[in-house]
**Q** 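The structure under discussion is supplied below as structure tokens; questions concerning it will follow.
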Protein chains: 2
Amino acid sequence: MKIDSIKIAELAGVSRSTVSRVLNNHPNVSEKNRKKILNIIDEYNYIPNLNAQTLAGKKNKVIGVFIYEPNMNAQSTTDTAYFMNFTDTVVKEAFLNNHQILVDYLKDSNDEKRIESFFKNGNISSGIFIGFLRENLFLEKMIESDYKVVVVDYASQLKDNAKKTLYINTDDYGGGTSVMEEILKKNNKKVLFFSGDKKKLSGLERERAYVEALKNKNIVINKTLMMESDYSREKAYENMKKILDSNIKFDSIFSSCDNMLFGVIEALKERSIDYKNMEIWGFDNLKYTVPMGLKTVSPMLKDTAKKSIKFLISDITESKVEYTKTKLIKNINEYFEN
Amino acid sequence: MKIDSIKIAELAGVSRSTVSRVLNNHPNVSEKNRKKILNIIDEYNYIPNLNAQTLAGKKNKVIGVFIYEPNMNAQSTTDTAYFMNFTDTVVKEAFLNNHQILVDYLKDSNDEKRIESFFKNGNISSGIFIGFLRENLFLEKMIESDYKVVVVDYASQLKDNAKKTLYINTDDYGGGTSVMEEILKKNNKKVLFFSGDKKKLSGLERERAYVEALKNKNIVINKTLMMESDYSREKAYENMKKILDSNIKFDSIFSSCDNMLFGVIEALKERSIDYKNMEIWGFDNLKYTVPMGLKTVSPMLKDTAKKSIKFLISDITESKVEYTKTKLIKNINEYFEN
DNA sequence: CTGAAAGCGCTTACAG
DNA sequence: CTGAAAGCGCTTACAG
């Protein structure tokens, strides 16, 4: 049996307006009618049609998560574990706050159009954007729009005309600095560095941490120890082989992400180089790093996810920048506690 | 400027009906009008309102993923990595097929009501259910309903009155059998077994594999080597300690999930027991297992996800049962290839 | 505190 | 091939 607000109204002997008022917690309904209607709603298991509600102007409880992944295709093996880790927590936080999550990827302008229409037509009440390159035009537009959005690891500087936007960032600089402290306090001087994607905020910040840490220790920066990369395992593997083929000396390694670190380790293993006692650090706390006996930095994505949801379901409308502190993960216990 | 189908119609000098026909690829529109309308749509960046379309009876492109997690709460540390792994692939597959995913958890009857309304009101076009215990009443109802659904690892037997349902299962029995083969061919006879949650299909099937493999080798089943458990790390840890405190002898271990295996290893380490040369297997291929030097079975969730999406976006309406083959993962290379 | 009515933006059966 | 009109199921401003 189809059951809609008209049926409920009939059953309760009132108009749909009154049913609607009860549904939306309006105060101007007699206690008697409210009770009666609520009972009938419950008895008949009535749930209002979300599409109709949205069409009529109500906000829904769905939050969009939009992941930028230009390489997405049927053959792609891109590891998006990092993002799903984040999404996982977002889904749980949303659930605990009575919201649901729509997950969508974004690759080209078709996707941009779709996402804009989700906002415009109220399929989602707000959105979280992650994985974007710096100065992405579409994202800038979202930031300036009237839609409530969170941008993750995108920029450290609030845009002048940003509206209802939370910029939330991993403290990449702080995390990188802690790693360098660990490395340098063991008296290492020749830290081999693998930089990440400079088109992303994280790539810039982690490199800045490396450079500043050396400067503060008055260690001359040796460009040949700084390998440009793009967060990919393959590139890092090639770079590491080049280093080993040259006569460049190093005493420690900081890879600005775990994914690259794995390529580095592969190259070391191939040459049977014993790296067990060397200070070697990655970043991101990908699931395999610490179990493999390596050290890394956790971006504490759960915190980021929690702050994001909190912002979106609050009625805060001012824009702001927030940071999530990172945490060093040195052993399996810290790994599981995290 | 607000732009709707009426505006497009005006601009093209036609009625909304014709615009709608173009939008929905109906054949009965003159080529001239179709072109003109398409151009205007493109020029004005018009995207139809999904809520209105759905309300008017169109199916949308959102697929729900519903994860059963009775312990979900603010303090919960439940590891749902397994599910998110699955969801990850589902999201990607959906994206490649022009669909989006709504992720939602399910804990109690309120959640059931919400999910039913998502179906009823067309907020989703179909749904995938994962993590459910056997004979869950709500799920049985969904299976019998007219909604198109996929149930993952739920039951091996098609229900008589199942409608438009794909039962998709990991080949737990096959995977467990392969593990036992590996263990037994090394001449082990006393295989310590940690069973999973018997309220789930996987718990039953993996235990069946253990029992049958021993029978086939004419090894007498020793109940004291079979530890009842519930997939939790804590319980497995306690069970392992009990074994070590007793004088029960074992020469190999098969834990029916990696999560429990970790508890088992903790207990072994505490007693400084050297297990490096022992045949030890987990199940599920959780991210840390193989990097820690242990062996496990991959449920090939990607295959399961792909088959699920394929079923849901096809126009198949008969119900059926399918299985996804598992794969043994013995070393880090196999781990990364997976 | 309550109801009749307009409006949200589409689709589709009907008539031509 | 095309348009006028009804319908999808709500909400809310208006009038009382």
Side-chain angles (χ1 to χ4, degrees), chain A residues 1-38 40-41 44-62 114 116-125, chain B residues 1-38 40-41 44-62 114 116-125:
Chain A
M1 178 195 51
K2 205 195 62 178
I3 172 94
D4 56 21
S5 71
I6 293 191
K7 186 126 320 164
I8 299 289
E10 277 171 10
L11 256 16
V14 298
S15 71
R16 316 157 74 192
S17 315
T18 303
V19 172
S20 183
R21 285 189 192 99
V22 170
L23 245 21
N24 294 290
N25 281 317
H26 290 187
N28 46 350
V29 178
S30 72
E31 215 33 49
K32 179 172 142 287
N33 272 340
R34 181 183 304 278
K35 284 243 174 74
K36 193 197 264 179
I37 292 170
L38 248 15
I40 295 176
I41 285 177
Y44 285 79
N45 255 308
Y46 166 66
I47 297 192
N49 184 311
L50 246 177
N51 292 108
Q53 289 186 307
T54 309
L55 198 57
K58 255 190 91 167
K59 277 176 86 176
N60 70 13
K61 304 237 177 200
V62 179
R114 183 183 60 248
E116 271 199 84
S117 95
F118 282 156
F119 274 103
K120 202 190 73 188
N121 298 330
N123 296 292
I124 55 175
S125 60
Chain B
M1 177 195 53
K2 205 195 63 178
I3 170 94
D4 55 21
S5 71
I6 295 192
K7 187 124 323 162
I8 300 290
E10 278 171 11
L11 256 15
V14 298
S15 73
R16 314 158 75 191
S17 314
T18 303
V19 172
S20 183
R21 286 191 192 98
V22 171
L23 245 20
N24 294 290
N25 283 316
H26 290 188
N28 47 348
V29 178
S30 72
E31 215 33 50
K32 179 172 141 286
N33 272 342
R34 183 184 303 279
K35 283 245 173 75
K36 194 197 265 180
I37 292 170
L38 247 16
I40 295 177
I41 285 177
Y44 285 80
N45 253 307
Y46 166 68
I47 298 193
N49 185 313
L50 246 177
N51 291 109
Q53 289 186 306
T54 308
L55 197 56
K58 255 191 92 168
K59 276 177 87 175
N60 70 13
K61 305 236 176 198
V62 180
R114 182 182 61 248
E116 272 200 82
S117 96
F118 282 155
F119 275 102
K120 202 189 71 186
N121 298 330
N123 296 290
I124 55 176
S125 59

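In the text below, chain A, chain B and the rest are named by the order of the sequence lines, each starting its count at 1.
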**Q** Tell me which one of K36(A), K35(A), R34(A) satisfies side chain to side chain contact (heavy atoms under 4.5 Å, CB included) with L38(A).
**A** R34(A)
**Q** In whole Å, what is the span from the CG atom of N25(A) to the C1' atom of dT12(D)?
**A** 16 Å
**Q** Calculate the interatomic distance between N24(A) atom CG and dT12(D) atom C1'; express it in whole Å.
**A** 10 Å
**Q** If the C1' atom of dT12(D) is compared with that of dG16(D), how far apart are they to the nearest Å?
**A** 16 Å
**Q** Rounded to whole Å, how long is the line connecting atom NZ of K7(A) with atom P of dC10(D)?
**A** 11 Å
**Q** Looking at dG9(C), I'd like to know if its phosphate oxygens (OP1 or OP2) sit under 4.0 Å from a side-chain N or O belonging to Y46(B).
**A**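 Negative; the distance criterion is not met.
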**Q** Check whether any side-chain heavy atom of V19(A) lies under 4.5 Å from a side-chain heavy atom of V14(A), and answer yes or no.
**A** yes
**Q** Please work out if S17(B) contacts a base, only the sugar-phosphate, or nothing of the nucleic acid, heavy-atom cut-off 4.0 Å.
**A**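 The answer is base, as S17(B) lies within the cut-off (heavy atoms under 4.0 Å) of a base atom.
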**Q** Sticking with atom P, work out how far dC1(D) lies from dA5(D), rounded to a whole angstrom.
**A** 24 Å
**Q** Is there a Watson-Crick or G-U wobble partner for dA13(C) with both distances under 3.5 Å, and which nucleotide is it?
**A** none
**Q** Separation of D4(A) atom CG from dG9(D) atom P, in whole Å?
**A**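 Answer to the nearest Å: 6 Å.
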**Q** Answer with base, sugar-phosphate or nothing: what part of the nucleic acid does S30(A) contact at a heavy-atom distance below 4.0 Å?
**A** sugar-phosphate
**Q** With a non-hydrogen cut-off below 4.0 angstrom, is S20(A) in contact with a base, only sugar-phosphate, or nothing?
**A** base
**Q** If you compare every side-chain N and O of T18(B) against the phosphate oxygens of dG3(D) (OP1, OP2), does one of them come in below 4.0 Å?
**A** yes
**Q** Rounding to the closest angstrom, what is the interatomic distance between dA13(D) and dG9(D) at atom P?
**A**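 23 Å, rounded to whole Å.
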**Q** Among the nucleotides dG3(C), dT11(C), dC10(D), which one has an atom lying closest to any side-chain atom of Q53(B)?
**A**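 Ranking dG3(C), dT11(C), dC10(D) by closest atom to the Q53(B) side chain puts dT11(C) first.
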**Q** Tell me what N51(B) touches on the nucleic acid: a base, only sugar-phosphate, or nothing, going by heavy atoms under 4.0 Å.
**A** nothing
**Q** Classify the nucleic acid contact of N28(A) as base, sugar-phosphate or nothing, counting any heavy atom under 4.0 Å across all strands shown.
**A** base
**Q** For N121(B), which contact category applies under a 4.0 Å heavy-atom criterion: base, sugar-phosphate, or nothing?
**A** nothing
**Q** Can you check whether N49(B) has a side-chain N or O nearer than 4.0 Å to OP1 or OP2 of dC10(C)?
**A** no
